[in-house]
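Chain identifiers are assigned alphabetically (A, B, ...) following the order of the sequence lines, protein sequences preceding nucleic acid strands; residue numbering begins at 1 within each chain.
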Amino acid sequence: MAKISATRFAPSPTGHLHVGGARTALFNRALARKLGDSFLVRIEDTDQARSSETATLGILEDLSWLGINWDIGPVHGKSGGDPNNIGPFYQSQRLSIYKGIVEQLLETDLAYPAFETPDQLDKMRKDARQKKVNFRYRRDKSFSRTNAIARMQREPHVIRFKMPDGPIKVTDQVLGEIVFGDEHVEDFIILKRDGFPTYHLAVVVDDAFMGIRHVLRGQEHLNNTPRQVALQKALHYATPLYYHVPLIFNQDGSKMSKRDKDKVVRSFYRETINRSEILKDLPKLLQKEVTLWEKDKNRQLSPKSLSSLADGLEVNLPEIDVEDFRKAGYLPETVCNFLSLLGFSPGKQDNTDENLERFDQKYFCENFETAKLGHSNAKFDRKKLLAFSAEDINNLTPDSFLKHWEEWAKRYEPWVFDSFGLAKCTLIASALQSRCKTLADLTSQKGPGAFIYLDDRGVVFDDKAVAKFLMKGEPSGLKILSEVRSVIANMITFNPEDVELRVQEFANEHQIGLGKVAQPLRVAVTGIAASPPLGVTLNLLGKTSVLIRIDSCLSQHLKGFSQN
RNA sequence: GUCCCCAUCGUCUAGCGGUCUAGGACUCCGCCCUUUCAAGGCGGCAACACGGGUUCGAGUCCCGUUGGGGACGCCA
């Protein structure tokens, strides 16, 4: 047994890391730091059909991006390693260990082979359900060990653990003492037909071999705990301390899960009337996949296919995975801070009422306490996350903000820096920083910088803005615009201060308020009534573009104006 | 259906028997600042699920009801 003391995060690589998993990782690391334990990552890939190396890599990358580094485990970037020689950290590479344990259990009559096929079991479960009784697999009274061992040699089989009789007590560090009656805990499978261990066996064996003394995980595992405790007793392993934390929910109160994206697309697809037309526009391979998927509720589309279909249906996929939030332009620190608050509260310090919610992971690790963990499930509030994000982005130094944006853009919108160059992007960043809630807002078509990316002759004018700032009043905005145009045209320097100064002078000369000049100009070059300060807005576009846009605006609206 | 967990503003939560006419954060609303939009500053609305106990005293302890959630896989 390992001589170290560790906490662990043990994801199964069946897709991207989702926020619930990320939170578990965050809590485990904090617990480890608080305890002075090592923090270990282990890949639970005992499901041959669903696990993939791509998913593993994705999860490790997601953790790294969040800044969650691990001491022991798969090597990725600066994380991982095996200083105590307790690896490997992929369960698929530990098969011989589990087999040895299973043999030991078999020899000591603590486990036995079983021969029912999955179909047979399915039927047994259905029958039980129909009779409204609880199904629980227990070894037959007429069970003969010698017979079974002999049959093992020639028949496909699983190995089941002999669950001891009597209730099992679990002591949880968060929830307290919980007693599970044995009427539910069956002789569960520890070795599958394919020779792979089940989760229960692998987790118990690995935790023991890897020195895991503290197990913090989601409450969905609470009902698994008695099985694992029974197994630990049978194997004479120490039972780790358990910490079961509440779940993370969607706004509608359902559990936030990996399947949510599929669910959203499915329900939207069902309600779409012209779905056959949409289907036609998809690639042939995808068409086949969708047809199969449509018929089978339990089937899930691959992430790629799912997003293609979502595009076709024009549905927005919910953000569930860490990668989704990265793409949406959140800073990793923001995501970590927000996630840390789901099921954990920093409490009150010195009885002051100040807001203690905004903290970094250093603070979280130092102040993490079991007593500060909540007991009830938490809904994931995107609006609050967005508010945190806006605040964090605003608090960044201009330099750091630019770097974050550049890094993000390189991954998701490479055209920005490619076509505008660093100098212009620096200007854009400084103009938009306080107006952005996420990094994605910087390039969003609905974002505060949308006007920057417009074609000079393709400005789309907002009707209300045009009516209010160009058509109304005497003199009208259009008239002022046509007069101020020459002021702009005659400018030699074009920095924000000069622009503001000249426009102010113009207003003074004509004895009108600044707004009377600024708003028509703003509408002319952006199409809408809101933008960064006028000087910055015009400077960002450059004199040439500004003049083209003014002219284009005048020619589009003067016509309509004279007719009225 | 069976077992398990949970229950304070719309949401995240503070509260560990009296200091609670219940505090903070997000949302929403108002005001200030202001050439627009942001940012920033100030203020406001808003909750102890219900019913029984225990106690001099209950958001805080106990029981029940109701409600929410989880588990019941050769998934993890």
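Residue contacts shown for A:Gln504 are absent, as no nucleic acid heavy atom lies under 4.0 Å away. In this structure, A:Ser531 reaches the bases: a heavy-atom distance under 4.0 Å links it to at least one base atom across the strands shown.
The side-chain hydrogen bond (donor to acceptor under 3.5 Å, both in side chains) search around A:Asp392 returns A:Thr334, A:Arg358, not counting sequence neighbours. A:Tyr330 is linked by a ring-ring contact (aromatic ring centres under 6.0 Å, His included) to A:Phe325, counting only residues two or more places apart in sequence or in another chain.
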Dump the pairs, protein N or O against N or O of nucleotides 41-43 of chain B, anything under 3.5 Å, distances to one decimal.
none

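Side-chain N/O atoms of A:Lys384 and base N/O atoms of B:rC12 include a donor-acceptor pair closer than 3.5 Å. A:Arg136 contributes no side-chain N or O that forms a donor-acceptor pair with the base of B:rU2 under 3.5 Å.
Across A:Thr526, A:Val523, A:Leu470, A:Val466, a single residue satisfies side-chain contact (heavy atoms from CB on, under 4.5 Å) together with A:Cys553, and that is A:Leu470.
Among pairs with a residue in residues 504-518 of chain A, those fulfilling salt bridge (Lys or Arg N to Asp or Glu O under 4.0 Å) read A:Arg502-A:Glu505, at least two apart in sequence or across chains.
A straight line from NE2 of A:His244 to P of B:rC3 spans 20 Å, rounded to a whole angstrom.
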Sugar-phosphate or base contact per nucleotide [nucleotides 68-75 of chain B; S, B, -; heavy atom under 4.0 Å]: -SBS-BBS
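Applying a 4.0 Å cut-off to non-hydrogen atoms, the residues of residues 435-446 of chain A that approach RNA chain B are A:Arg435, listed by residue number.
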